[in-house]
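Given the structure is predicted, the values throughout are model-derived calculations rather than measurements.
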Amino acid sequence: MDNGTPATDRKLAVVADADLRMHNSSPIIGRSSNPAKPLLVELDNEGLSWPSVGTRQRKNETNEQKQARITKIADAVTTIVEQLGEDPSREGMLKTPLRYAKALMYFTKGYEESIKDVINGAVFEEDADEMVIVKDIDVFSLCEHHLVPFVGKVSIGYLPNNRVIGLSKLARIAEMFSRRLQVQERLTKQIALVLQEVLQPLGVAVTMEATHMCMCMRGVQKPGASTVTSCMLGEFRSNPRTRDEFLKLTTRR
């Protein structure tokens, strides 16, 4: 996702701005009421997470520029249709390139979103340290290797460290990262790392089970196969009992 971007620029880190640290506040999640527990944010103050080379251009473009982008994609789709041996001028195909261009823009709308906008200040200081789980979140993404869908469910859990996030934001974070060209392994890890950075909890756990059309429709052609990935951070990685509790509560029967 970060072609040509130095590794240090991709890491989540404390904002370097001294004034921001002094006031113990974050453009992403607001202000901490606990001076001993500073708010950590991404290095990118726009809230962009692992931006690709064209992310900022796409996010900040005008309506005219966006329409030009859609037209360019539609022209490319017309060429593809022709090279497949179809007639793009026949009635059933006439508007297909434009429809597909608009669909692709929606499928990849995660490039236009930022953690700052997604969270929208919904992080709260709270005396809570018991496990929080939102499970079976539907996600839809495009495999970056073949540009065909993979679909599945994500379960997200964390152990609060006196800071919680609005429950719907967990689903929105999963949606943001899934609406990009992805691989399941990276998608799972990105969700976990962002939550760890924003909340600084005692631990984060993310599991995902998905079906990949690139395995069902082509290649090995195994439609019954599913892929399971996980990312465990903090207590979920170091404490087997905590990890087992999460997996027991989220395993679908």
ask   = Does the pair Ile73 and Leu104 meet the rule for a side chain to side chain contact (heavy atoms under 4.5 Å, CB included), with working shown?
value = CA-CA 9 Å; Ile73 295 173; Leu104 274 180; 4.2 Å; yes
- Apply side chain to side chain contact (heavy atoms under 4.5 Å, CB included) to the pair Ile173 and Leu195, showing each step before the final yes or no. CA-CA 9 Å; Ile173 290 171; Leu195 279 175; 4.0 Å; yes
*asked:* Checking Glu185 against Thr229 for the side-chain hydrogen bond (donor to acceptor under 3.5 Å, both in side chains) test, could you report, in this order, the C-alpha distance in whole Å, the side-chain angles of both residues, the deciding distance, and whether it holds?
replied: CA-CA 6 Å; Glu185 297 89 338; Thr229 51; over 6 Å; no
Would you check, one step at a time, whether the test side chain to side chain contact (heavy atoms under 4.5 Å, CB included) holds for Thr211 with Cys216? CA-CA 8 Å; Thr211 299; Cys216 299; 3.6 Å; yes
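Both Phe236 and Leu202 sit in one connected hydrophobic cluster of ILVMFWY residues. Membership requires side-chain heavy atoms under 4.5 Å apart, directly or through other members. Ile80 is not connected to Met105 by any chain of hydrophobic side-chain contacts under 4.5 Å among Ile, Leu, Val, Met, Phe, Trp and Tyr, and they are in different clusters. Residue Val204 is grouped with residue Leu167 when hydrophobic side chains (ILVMFWY) are merged at heavy-atom distances under 4.5 angstrom, including chains of intermediate members. Under the 4.5 Å side-chain heavy-atom criterion for grouping Ile, Leu, Val, Met, Phe, Trp and Tyr, Val139 is not connected to Val148 through any hydrophobic cluster. Taken together through direct or relayed side-chain contacts under 4.5 Å among Ile, Leu, Val, Met, Phe, Trp and Tyr, Leu147 and Leu84 form parts of separate hydrophobic clusters.
A donor atom on one side chain and an acceptor atom on the other are not found under 3.5 Å apart for Arg69 and Gln65. No side-chain N or O of Thr227 forms a donor-acceptor pair with one of Gln184 less than 3.5 Å apart.
Taking the side chain as every heavy atom from C-beta outward, Met176 and Val194 never approach each other to under 4.5 Å. Using a 4.5 Å cut-off on side-chain heavy atoms (C-beta onward), Leu247 and Thr207 make contact. When side chains are defined from C-beta on, Glu126 does not count as touching Pro160, because their heavy atoms never get closer than 4.5 Å. Under the 4.5 Å side-chain criterion, counting only non-hydrogen atoms from C-beta, Leu170 is not in contact with Val154. You'll find the side chain of Val123 stays beyond 4.5 Å of the side chain of Val164, heavy atoms only. A heavy-atom distance below 4.5 Å is not found between the side chains of Ser230 and Met208. Looking at Leu187 and Ile191, their side chains come closer than 4.5 Å, going by heavy atoms from C-beta outward. Leu199 is not listed as a side-chain neighbour of Asn161, based on a closest heavy-atom distance of 4.5 Å or more.
Here the closest heavy-atom approach between residue Ile156 and residue Phe246 is recorded as C-CE1, 4.1 Å. Here the shortest heavy-atom pairing between Val228 and Glu209 reads CG2-CG, 3.8 Å. Closest approach of Met131 to Leu249, counting heavy atoms only: SD-CD1, 4.4 Å. Residues Ile119 and Lys169 approach most closely at O-CE, 3.3 Å, considering heavy atoms. For Gly92 against Thr96, the heavy-atom pair with the smallest separation is O-OG1, 3.4 Å. Taking every heavy atom of both residues into account, Val206 and Thr188 meet most closely at O-CG2, 3.6 Å.
Ring pair His212/Phe150 is parallel by interplanar angle, where below 30° counts as parallel and above 60° as perpendicular.
Atom CD of Gln190 sits about 10.5 Å away from atom SG of Cys231, to the nearest 0.5 Å. Here CD of Glu245 is found 11.5 Å from CD of Glu235. Values are rounded to the nearest 0.5 Å. Rounded to the nearest 0.5 angstrom, Lys66 NZ and Asn60 CG are separated by 12.5 Å. To the nearest 0.5 Å, atoms SG (Cys143) and CG (Leu181) are separated by 9.0 Å. For the atom pair CG (Asn239) and CZ (Arg237), the distance works out to 13.5 Å, reported to the nearest 0.5 Å. Annotation: the span from Met213 atom CE to Met215 atom CE amounts to 10.0 Å, rounded to 0.5 Å.
Atom CD of Gln221 is surrounded by more than 12 heavy atoms from other residues, nucleotides or ligands within 6.0 Å. Atom NZ of Lys153 has more than 12 heavy atoms from other residues, nucleotides or ligands within 6.0 Å. Heavy atoms of other residues, nucleotides or ligands lying less than 6.0 angstrom from CE of Met217 number 12 at most. Residue Arg243 qualifies as enclosed at atom CZ: its count of foreign heavy atoms under 6.0 Å is above 12.
Tyr158 places a side-chain N or O within 3.5 Å of a backbone atom of Ile165 that can act as its donor or acceptor partner. Of the possible donor and acceptor atoms, one in the side chain of Gln182 sits under 3.5 Å from a partner among the backbone N and O of Phe177.
Sequence neighbours left out, not one pair with a member in residues 70-83 passes side-chain hydrogen bond (donor to acceptor under 3.5 Å, both in side chains).
Using a cutoff of 4.0 Å between basic side-chain nitrogens and carboxylate oxygens, Arg179 and Glu113 are not scored as salt-bridged. Salt bridge present: Glu112 and Arg58 bring a charged side-chain N and a carboxylate O closer than 4.0 Å. We find that Glu144 and Arg180 are not joined by a salt bridge, their nearest charged nitrogen and carboxylate oxygen being 4.0 Å or further apart.
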